[in-house]
Amino acid sequence: MKTLPETFLKPYDSNQVEDKIYQEWLNSGYFNPDNLKSENISKDENGKEKKFSIVLPPPNVTGTLHTGHAIMLAIEDIMVRYKRMQGYRTLWIPGTDHAAIATQSVVEKNLLKEEKKSKYDLGREEFLKKVNEFAEQSHNTIVTQSKKMGSSLDWSREAFTLDEKRNFAVRTAFKKMYDDGLIYRGNRIVNWDPKGQTVISDDELVYEERKAMFYTFKYSKEFPISISTTRPETKIGDTAVAVHPEDERYQQYVGQTFECNFCNVPITIKIIADKEVDKEFGTGALGVTPAHSKIDWEIAERHNLAKKQVINEYAKMINCNEKLDGKKVGEAREIIVNWLKENNLLEKEEEISQNVSTAERTGGIIEPMPKLQWFVNVNKSIVDRENKTLKELMLEAVTKDGITIIPDRFEKVYTHWIENLHDWCISRQIWYGHRVPVWYHKETKEIYCDINPPTDIENWYQDEDTLDTWFSSGLWTFSTLGWPEKTSDFLEFHPTDVLETGYDILPFWVARMILMSKYLLNEIPFRTVYFHGLVRDAQGRKMSKSLNNAMDPLEVIAKYGTDALRMALIIGTGPGNDSKLGDDKLKAYKHFANKIWNATRFVLEKTTDYEGDLDINLLTTDHKNIYNTWKDKIADITSDLENYRFYLAGEKLYDYFWKTFADVIIEDCKKEIIEETENKKSAQLLLIILLREQIISLHPFMPFVTEEIWRNIKNENDDLLLVTKWIN
RNA sequence: GGGAGAUUAGCUCAGUUGGUAGAGCAACUCGUUUACACCGAGAAGGUCAGAGGUUCGAGUCCUCUAUCUCCCACCA
C-alpha cells in the first residue's frame, strides 16, 4: 500500500519543480547519447543501433532568447525526447553563433552609448576583447534560458561557431575551396555599408520604401538625349548613355561620343545600344554609371566602358572637382540639382516612391561600388563532384538526394532562390569573426592560402578581412561533430536527421549548409528540414522591442511554467505557419498541467489499496474496451509524431486526457471504486495503467510535470521518465 | 513585375488520404456532489470569402474573382 505524497495536496507549482527536475536529468547524464544504456537501444534490421541526431540552430550571441528561440527549443526537444524514448541513441548538440556583424554592431552601439568611443579608439585587439566579453555574457544567458525551457541538449558537446575547433574547420574548408578555384578574389560591384564600413551580401539587404525625387535632365545643352534618375550626384560617374537597339528616337546617335561639362566636371559620354534598356521607362535612355550600379557595371563590361568611381567608402564625393569633392552624397545632390536649374537643364521633377537598400544590421544606406573582395563561385564546375557546380549540387540535394522540406511549399522557395543565386561575397571588413586565412608577401605580393600561416611569417601579412558569419554556420552540422577529424561522432551522427528552424533563414543558412556539406563531404547535411513559423503576439503583431510586446520566455515561465509555455507554443501551430501567443492560451495550458496533477492525486488516492500486477488481462471486458480505445489513440498520436504533426499530437493528448480520461473514465471508475462494486479492482487497474501511459506519452510535450509525477507513480525498477520506453 | 500563404463560431485557430462542421477563450443556464472553481453538466453560436466546375458526395480537388499577409526581384 502506497501513501500519498504531501505535495499533491496543493495545486501544481511549476516553480518548485522545474529546476530540481532539470538538475536530476543533468545528473543522470542521459542527455549524452554515450550514457544511454545499450540494452535500451533499439536495433534496425541489420542489428545496428538506431541513431537520431539534431544540431541546434545556434542562437546569436547578441543578447537573450526570445519566443522564436522558445518554439525552436520546444519542437526540437519534443522530437529528441520522443526519439530517445523510442530507443534511438539520440544526440542533440547545443551551440551559439558569433554572428559576426550583428554582434559587432551591438557592441559598437553600446560602446558609443556608454563610453562615447568608437572601435577605432580602442583598436582591433582591445575592441575584440570587449566583443568577446559581451559574447560570453550573452552566451551564459542563452544557456540558462535553454535549460529553463527543459531542453535535453548534450551540454558536453557544446560548440561555438568561433571557437578553436570551428575555426580549424573554417580554415580547412576555405583552403579546399580556394585550391579548387571556388573561392576567388575579384573586383566587383558590392553592397557597401558606409555606416558599418563593410561589404554585405545581397541577403543582408533590407529594402525600405521611401519618397524620392525623380529628375529628368540633360548633362549639358549640347547633349542630345535626356536621362532620368533619383541620384543626380552619381551621374558624374556616367561614361555612357544606353538606349534600346530598336528605339528609333535615338538610333541616329548610337556610336557617337560627347564631351560634356556636367556641373563643372568634364565627362565623356558614349551613346550605346543595349537590349537591357527599357524603351518605356523614363525617357527610354539610361545614363550608365558603371561604378555605382550593378546593372550598369554589367553593361560597361559588355561595351568595354570606363568605370569611374565618384563616391567613396564614407558616402562622400571623390574625383569630381574642388566644389564637390568631400561633400556627402545628399549635399552633392542638392548642388547638382541647383546647377541643373540654373542652367535650364532640368526638364522634369516628380516625386516617386522607391525602394532604398539598407543594411540589415546598421540601417546604413547601401552605396554600390567596386571593391576587391572574396567570393564563392557558384557556377564553376567541380571536378571531384562530376563537374557539377555548387548551384547544381544545392539543387540536387532536394531533387535527387531526397531532402524533405516541411512544409513542402518551401521547396519552391528554395529552388527559386538557388536559380537566382549569384556569387557569394564572403569577406567582411569587420573585426569580429574568422580571419581570412590568406597571407600576402610583403615584397613579391604573392598570395598564400593555407590552414596555417606561412613559416617565414615575418615576410608576410595576413588579409585584414573576416568571413561572413554564414560561412562558419554553413559547416555547422559537421563542424560540431568534429570535422575535419574523422571522429566517431562524425561517423555515427552525420548526416543529421532533422534540421528544425525558422523559415526566414532558409536562404542564409539552410542553403549554405547544403552547399558546404554537398561540396566538402559529398553528402547531405540533414534528411528533413522542418520549418516553424514566427511567433506573434495575441494581436498578431510581430514581437519587437519597439512595440514593447516582446515576451521574455523567463517571465512567461515564472508565471505559467515551462510545460504550459511549450504546449502554448506547439498547439495550433502548423509547420511554416505563424502563430499567436497570448495570456489566454498560456493560462489554458497552465490549467492543464494542474489538471494532470489533480487527476494523478485522485488516482493515487483511490488506488492505495490496489494490489496485483499491472496486467491488462485483469481488466473487465468493458474496461479492456476503454483501454483499447486509448491504444488506438496513442497509435494515432505516434503516427502524428513520426510525421512531424506535433501540433496535432499535442492537441490529441490534451483532448484525451481532459475530455475522455478525466471527465468520463475517472468519473465512471469513481463510482465503481467508491461504491466498492465488483469491478473496483479492474477500475483501479484501468486508472493506474491509463495514467501511467498518458504520463509517458505526454512527456515529450510537458517534460517537467510528467517527470515529477513519474517519481510518484513509477515502479521501483523504473528509471527516469526521460528514458522510459514509449508505448505503442 | 514574379511567387507563396491566408480567408471556417464574437475572438484565436484546428480540420492529416474528399464521407453528418471542431477546440480554446468570451458570452448564456445550472451546479460548491471530497481529484481539480486552475472545476463539472448543459444549451447557444457557422450559406466553411464569392462564383463556377469535377464527384453519388467538396471546408477539403480544379478554374476564376475579391480582400489581407509575407517572400523574392527591382527601373535607371
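Order of the sequence lines sets the chain letters (A, B, ...), proteins ahead of strands, with each chain counted from 1. Both backbone and side-chain heavy atoms feed into the values below; hydrogens, waters and symmetry mates do not.
As rounded to the nearest Å, B/A4 and B/C56 have C1' atoms that lie 35 Å from one another. Atom name C1', nucleotides B/G52 and B/A58: the rounded distance is 13 Å, in whole Å.
Straight-line distance from the CD atom of A/Glu276 to the C1' atom of B/G1: 15 Å, rounded to whole Å. If you measure from atom CZ of A/Phe410 to atom C1' of B/C72, you get 13 Å, rounded to the nearest angstrom. Per the geometry, CZ belonging to A/Arg409 stands 15 Å off P belonging to B/U16, to the nearest Å. Atom CG in A/Asn420 sits about 13 Å away from atom P in B/G3, given to the nearest Å. Distance, A/Phe214 CZ to B/C75 P: 11 Å, rounded to whole Å. Going from atom NZ of A/Lys659 over to atom P of B/A23 covers 8 Å, rounded to whole Å.
A donor and an acceptor atom sit less than 3.5 Å apart, one in the side chain of A/Asn355 and one in the base of B/C74. One can find a donor-acceptor pair under 3.5 Å joining the base of B/C36 and the side-chain atoms of A/Lys595.
With 3.5 Å as the limit, one finds no donor-acceptor pair spanning the side chains of A/Trp470 and A/Asp203. Side-chain atoms of A/Trp726 and A/Thr638 include a donor-acceptor pair closer than 3.5 Å. Counting only N and O atoms by type, the side chains of A/Lys270 and A/Thr239 include no donor and acceptor under 3.5 Å apart.
Nucleic acid contact for A/Asp663: sugar-phosphate only, since backbone atoms but no base atoms lie under 4.0 Å from a heavy atom of the residue. Residue contacts shown for A/Glu667 include a base, since a base heavy atom lies under 4.0 Å away.
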